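Right, one structure below, let's go through it.
All values below come from the heavy atoms of this structure, side chains included, with hydrogens, waters and symmetry mates left out. Bear in mind the structure is a predicted one, so any value in this text is a computation, not a measurement.
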Amino acid sequence: MLNQYLTNIYMLRNNIYNLHFNIKGEGSSGFHEKLNYDIEEVNKFYDSLAELIKKIGGYPIMNLEEIKMISTIKEISSKDYTKKEAENLLLNDLTVINSMNKQVGEYALKNYDLMSINLVLDFDKYLQKRIWLLEMDKN
């Protein structure tokens, strides 16, 4: 479960970078800056999750072919994106990640896995705030 989560985080990270580099049009500069924040938060979590997998005796999946096969988040194309398109794509990916974060947290709680619980709780703060802001911008 943790490795599938890691592959989804990898794809999320790549999609955010793609949006960061390819957003154009009205409102793009402000959103570009928000994507910097997303990149920092997701990179921190990605590193912590990979380290957790190692700590519990596993091997973080780093092979790109395996990542693409396992991830439920699919990579987006490299092309120009409007702010609205970027917001919708990011919201969709973060919603998938949020659901998986809850599943990992529930599993960790049942198994008294405090390292995993703390990790998902920390990331949950970022996810809830970012999803809320994206949904607010939609309306």
Side-chain angles (χ1 to χ4, degrees):
M1 181 186 283
L2 291 179
N3 256 317
Q4 182 179 38
Y5 194 25
L6 186 70
T7 64
N8 278 342
I9 296 295
Y10 180 92
M11 295 303 278
L12 169 67
R13 186 179 71 164
N14 280 4
N15 286 348
I16 293 172
Y17 271 114
N18 194 342
L19 295 172
H20 177 78
F21 295 131
N22 294 307
I23 190 167
K24 287 183 83 173
E26 187 178 331
S28 62
S29 63
F31 195 69
H32 179 88
E33 290 304 314
K34 289 178 184 175
L35 291 170
N36 280 328
Y37 169 74
D38 294 321
I39 288 167
E40 288 176 24
E41 292 299 312
V42 171
N43 276 334
K44 282 191 288 188
F45 183 72
Y46 181 76
D47 183 64
S48 296
L49 182 57
E51 288 173 356
L52 174 63
I53 291 169
K54 278 304 287 180
K55 283 178 189 172
I56 62 174
Y59 292 94
I61 294 175
M62 296 287 122
N63 178 288
L64 292 177
E65 289 177 26
E66 289 180 72
I67 289 170
K68 285 183 177 185
M69 283 190 320
I70 294 169
S71 177
T72 58
I73 291 180
K74 299 306 172 202
E75 65 185 332
I76 60 174
S77 298
S78 294
K79 64 175 195 152
D80 291 338
Y81 290 95
T82 65
K83 180 180 180 257
K84 186 165 187 66
E85 290 171 325
E87 286 174 333
N88 287 333
L89 287 165
L90 182 58
L91 181 58
N92 288 340
D93 284 356
L94 288 176
T95 301
V96 170
I97 293 297
N98 187 46
S99 175
M100 192 158 214
N101 198 58
K102 288 178 182 172
Q103 291 172 359
V104 170
E106 289 168 4
Y107 181 83
L109 193 58
K110 286 179 189 172
N111 291 285
Y112 306 103
D113 177 359
L114 295 179
M115 286 189 300
S116 297
I117 291 168
N118 288 330
L119 185 63
V120 298
L121 284 175
D122 284 345
F123 198 51
D124 186 65
K125 292 174 195 170
Y126 157 76
L127 289 170
Q128 296 310 312
K129 179 179 179 181
R130 198 61 174 107
I131 289 170
W132 177 71
L133 289 171
L134 286 165
E135 286 176 342
M136 222 171 54
D137 284 346
K138 270 182 95 168
N139 299 328

Side-chain heavy atoms nearer than 4.5 Å, only ILVMFWY residues, links allowed to pass through others: does that put [X] and [Y] together?
{"X": "Ile56", "Y": "Val120", "value": "yes"}
{"X": "Leu121", "Y": "Leu2", "value": "no"}
{"X": "Leu109", "Y": "Leu52", "value": "no"}
{"X": "Leu91", "Y": "Ile39", "value": "yes"}

Do the side chain of [X] and the main chain of [Y] share a donor and acceptor less than 3.5 angstrom apart?
{"X": "Asn111", "Y": "Asp113", "value": "no"}
{"X": "Ser99", "Y": "Thr95", "value": "no"}
{"X": "Asn22", "Y": "Tyr81", "value": "no"}
{"X": "Asn18", "Y": "Ser77", "value": "yes"}
{"X": "Asn118", "Y": "Leu114", "value": "yes"}

For the residue pair [X] and [Y], establish whether any side-chain heavy-atom pair is separated by less than 4.5 Å.
{"X": "Ile97", "Y": "Arg130", "result": "no"}
{"X": "Tyr46", "Y": "Leu12", "result": "no"}
{"X": "Asn15", "Y": "Leu89", "result": "no"}
{"X": "Asp38", "Y": "Leu90", "result": "yes"}
{"X": "Ile61", "Y": "Ile53", "result": "no"}
{"X": "Val96", "Y": "Met100", "result": "no"}
{"X": "Leu6", "Y": "Met62", "result": "yes"}
{"X": "Met69", "Y": "Thr7", "result": "no"}

- Query: Closest heavy-atom contact between Ala108 and Ile117?
  - Reply: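 Heavy atoms only, the tightest pair is CB-CG1, 3.6 Å.
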Enter the distance from [X]:[atom1] to [Y]:[atom2] here, rounded to the nearest 0.5 Å.
{"X": "Ile23", "Y": "Leu19", "atom1": "CD1", "atom2": "CG", "answer": "7.0 Å"}
{"X": "Gln128", "Y": "Leu94", "atom1": "CD", "atom2": "CG", "answer": "10.0 Å"}
{"X": "Met11", "Y": "Ile76", "atom1": "CE", "atom2": "CD1", "answer": "9.5 Å"}
{"X": "Asn3", "Y": "Ser71", "atom1": "CG", "atom2": "OG", "answer": "12.0 Å"}
{"X": "Leu35", "Y": "Glu40", "atom1": "CG", "atom2": "CD", "answer": "11.5 Å"}
{"X": "Lys54", "Y": "Tyr59", "atom1": "NZ", "atom2": "OH", "answer": "4.5 Å"}

- Heavy atoms of other groups near Lys55 NZ, more than 12 under 6.0 Å: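 No - once you tally the heavy atoms of other residues, nucleotides and ligands closer than 6.0 Å, there are 12 at most.
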- Task: Applying side chain to side chain contact (heavy atoms under 4.5 Å, CB included), run through Ile70 and Tyr10 and close with a yes or a no.
- Result: CA-CA 11 Å; Ile70 294 169; Tyr10 180 92; over 6 Å; no
- On the 0 to 90° scale, with breaks at 30° and 60°, tag the Tyr17-His20 ring pair as parallel, tilted or perpendicular.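 Judged by the thresholds at 30° and 60°, the geometry between Tyr17 and His20 is perpendicular.
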- Task: Using the side chain to side chain contact (heavy atoms under 4.5 Å, CB included) rule, take Asp137 and Lys34 through it: C-alpha gap first, then chi angles, then the decisive distance, then the call.
- Result: CA-CA 13 Å; Asp137 284 346; Lys34 289 178 184 175; 4.0 Å; yes
- Item | Polar contact flag, side-chain donor to acceptor under 3.5 angstrom, Thr72-Asn8 |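 Yes, a side-chain donor-acceptor pair sits under 3.5 Å.
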- Task: Decide, yes or no, whether a salt bridge links Lys44 with Glu41 under the criterion of side-chain N to carboxylate O below 4.0 Å.
- Result: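 The answer is yes: the pair qualifies as a salt bridge.
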- Query: Could Lys83 and Glu87 be called an ion pair, given the rule that one side-chain N must be under 4.0 Å from one carboxylate O?
  - Reply: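 Answer for the salt bridge query: yes.
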- Only one of Trp132, Tyr37, Phe45 clears ring-ring contact (aromatic ring centres under 6.0 Å, His included) with Tyr126; which?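 When ring-ring contact (aromatic ring centres under 6.0 Å, His included) is applied between Tyr126 and each of Trp132, Tyr37, Phe45, only Tyr37 qualifies.
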- side chain to side chain contact (heavy atoms under 4.5 Å, CB included) evaluation trace for Asn88 with Leu134: CA-CA 8 Å; Asn88 287 333; Leu134 286 165; over 6 Å; no
- Task: Please report the C-alpha distance between Phe123 and Leu49 in whole Å, then the side-chain angles of each, then the deciding distance to 0.1 Å, and finally whether the side chain to side chain contact (heavy atoms under 4.5 Å, CB included) criterion is met.
- Result: CA-CA 10 Å; Phe123 198 51; Leu49 182 57; over 6 Å; no
